[in-house]
Protein chains: 2
Amino acid sequence: MPDTSHGSPAGLAISAPHRELLDQVLDKWSLQVLNELCERPCRFNDLRRAIPAVTQKSLTATLRRLERNGIIERVLLSSRPVAVEYRITSLGKTLRHPVDVLLEWATAHMPDIEKARLRFDGSFGD
Amino acid sequence: MPDTSHGSPAGLAISAPHRELLDQVLDKWSLQVLNELCERPCRFNDLRRAIPAVTQKSLTATLRRLERNGIIERVLLSSRPVAVEYRITSLGKTLRHPVDVLLEWATAHMPDIEKARLRFDGSFGD
DNA sequence: CTGTATCCGATCAGATACTG
DNA sequence: CAGTATCTGATCGGATACAG
């Protein structure tokens with residue numbers, strides 16, 4: 001690259017593949033699925049029960065996407081009545097730390113953020 | 001809560017407010033905006049130039065959202081011709097580390113993920 | 001320069017029905 | 001049990017036009 005740098009202190013940078021990856025891995029349901037599978041392998045309906053708000057369709061899509069990215073693994077347990085188990089992969093496990101850091105940040109700063117929101121929302125109704 | 005615990009090893013957990021917050025702060029354009037503002041304060045059109053792919057509408061929405069959450073600050077520099085500057089807040093700066101951890105993860109594991117994708121996509125066309 | 005307002009096509013997500 | 005298929009309403013994002 002010629003020169004996109006303006007003296008970036010920490011060298012953060014977001015390429016298109018980065019964004020695409022984060023979109024696929026940090027979307028609405030992925031974190032919950034990841035959370036469940038980090039604790040134990042789950043059947044499809046285990047996950048539905050663990051995440052009541054997700055629809056069948058969205059859960060299927062989420063699982064396929066995570067599987068495609070190598071974050072989880074789909075294991076066929078038996079064929080007649082079909083039984084499937086989803087498991088976290090070793091690659092998936094490496095995702096846990098970054099996500100934890102993010103959640104810790106969210107937890108730590110939630111009060112500040114709520115204050116900011118009230119201030120922002122208030123400066124209009126007033 | 002009665003008992004949603006299944007012996008969570010690391011205590012990861014995603015509440016609705018957590019998800020909402022991450023959605024607002026990690027969305028498509030927020031990371032790029034954050035990246036720019038971490039380096040220097042920017043005018044509206046500075047940001048448009050720095051992030052060519054964003055439309056005016058989406059940039060405005062992103063800036064409002066980040067401002068509402070206290071991550072950035074909108075400073076009126078002069079009123080006649082209107083001049084505005086956006087700056088990262090101290091709360092916004094605390095977000096940088098978690099995001100960096102995430103980006104480092106993405107960078108480090110991109111090859112594995114690409115391999116996983118090829119394997120997944122290949123097992124159908126074949 | 002820094003936006004807001006509107007239209008519009010594409011995508012998303014829920015509900016429902018059906019299959020092996 | 002573990003999905004797929006389809007319909008549909010809501011939402012998103014881009015393009016364009018306009019305003020203070």
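Here is the naming used below: chain letters follow the sequence lines, and residue numbers restart at 1 for every chain.
Here the rule is side chain to side chain contact (heavy atoms under 4.5 Å, CB included) with L21(A), and of T107(B), I113(B), L102(B) only I113(B) fits it.
In this structure, NZ of K57(A) is placed 15 Å from P of dA10(D), rounded to the nearest angstrom. Separating the CH2 atom of W29(A) from the P atom of dG14(C) is a distance of 6 Å, rounded to the nearest angstrom. Put simply, CG on L76(A) is 16 Å from P on dC1(D), counting in whole angstrom units. What separates CZ of R65(B) from P of dG13(D) is a distance of 7 Å, to the nearest Å. A straight line from CG of D27(B) to C1' of dT11(D) spans 14 Å, rounded to a whole angstrom. Residue R49(A) contributes atom CZ, which lies 12 Å from atom C1' of dA2(D) at whole-angstrom precision. Following rounding to the nearest Å, Q56(B) (CD) and dT4(C) (C1') show an atom-to-atom distance of 9 Å. Going from atom CG of L63(A) over to atom C1' of dA2(D) covers 11 Å, rounded to whole Å.
Side-chain N/O atoms of R74(A) include one lying less than 4.0 angstrom from OP1 or OP2 on dG3(D). The side chain of R80(A) contributes no N or O atom lying less than 4.0 Å from OP1 or OP2 of dG20(C). Here Y86(A) reaches the OP1 or OP2 of dG3(D): one of its side-chain N or O atoms lies under 4.0 Å away. The phosphate of dC1(D) (OP1 or OP2) has no side-chain N or O of R43(A) nearer than 4.0 angstrom. For the pair S58(A) and dC12(C), the criterion of a side-chain N or O lying under 4.0 Å from OP1 or OP2 is not met. OP1 or OP2 of dA2(D) has not a single side-chain nitrogen or oxygen of R48(A) nearer than 4.0 Å. An OP1 or OP2 oxygen of dA2(D) is reached within less than 4.0 angstrom by no side-chain nitrogen or oxygen of T60(A).
Closest approach to the V84(B) side chain among dA2(D), dG14(C), dG3(C) is made by dG3(C) (side chain taken as heavy atoms from C-beta onward). Distance from the side chain of R64(A) is smallest to dT4(D) among dT4(C), dT4(D), dG14(C). Out of dG20(C), dG3(C), dG14(C), the shortest distance to the side chain of V82(A) is found at dG20(C).
In this structure, W29(A) has no ring pair (Phe, Tyr, Trp, His ring centres under 6.0 Å) partners at least two apart in sequence or on a different chain.
At a threshold of 4.5 Å between side-chain heavy atoms, the hydrophobic network of Ile, Leu, Val, Met, Phe, Trp and Tyr places V101(B) and L95(A) in two separate groups.
Closest approach of V84(B) and R43(B) over heavy atoms only: O-CD, 3.0 Å.
Residues L34(A) and R96(A) have side chains not in contact (no heavy-atom distance under 4.5 Å, counting atoms from C-beta outward).
Comparing V54(B) and E85(A) by the nucleotide of DNA chain D whose heavy atom lies nearest to each, the residue mapping closer to the 5' end is E85(A).
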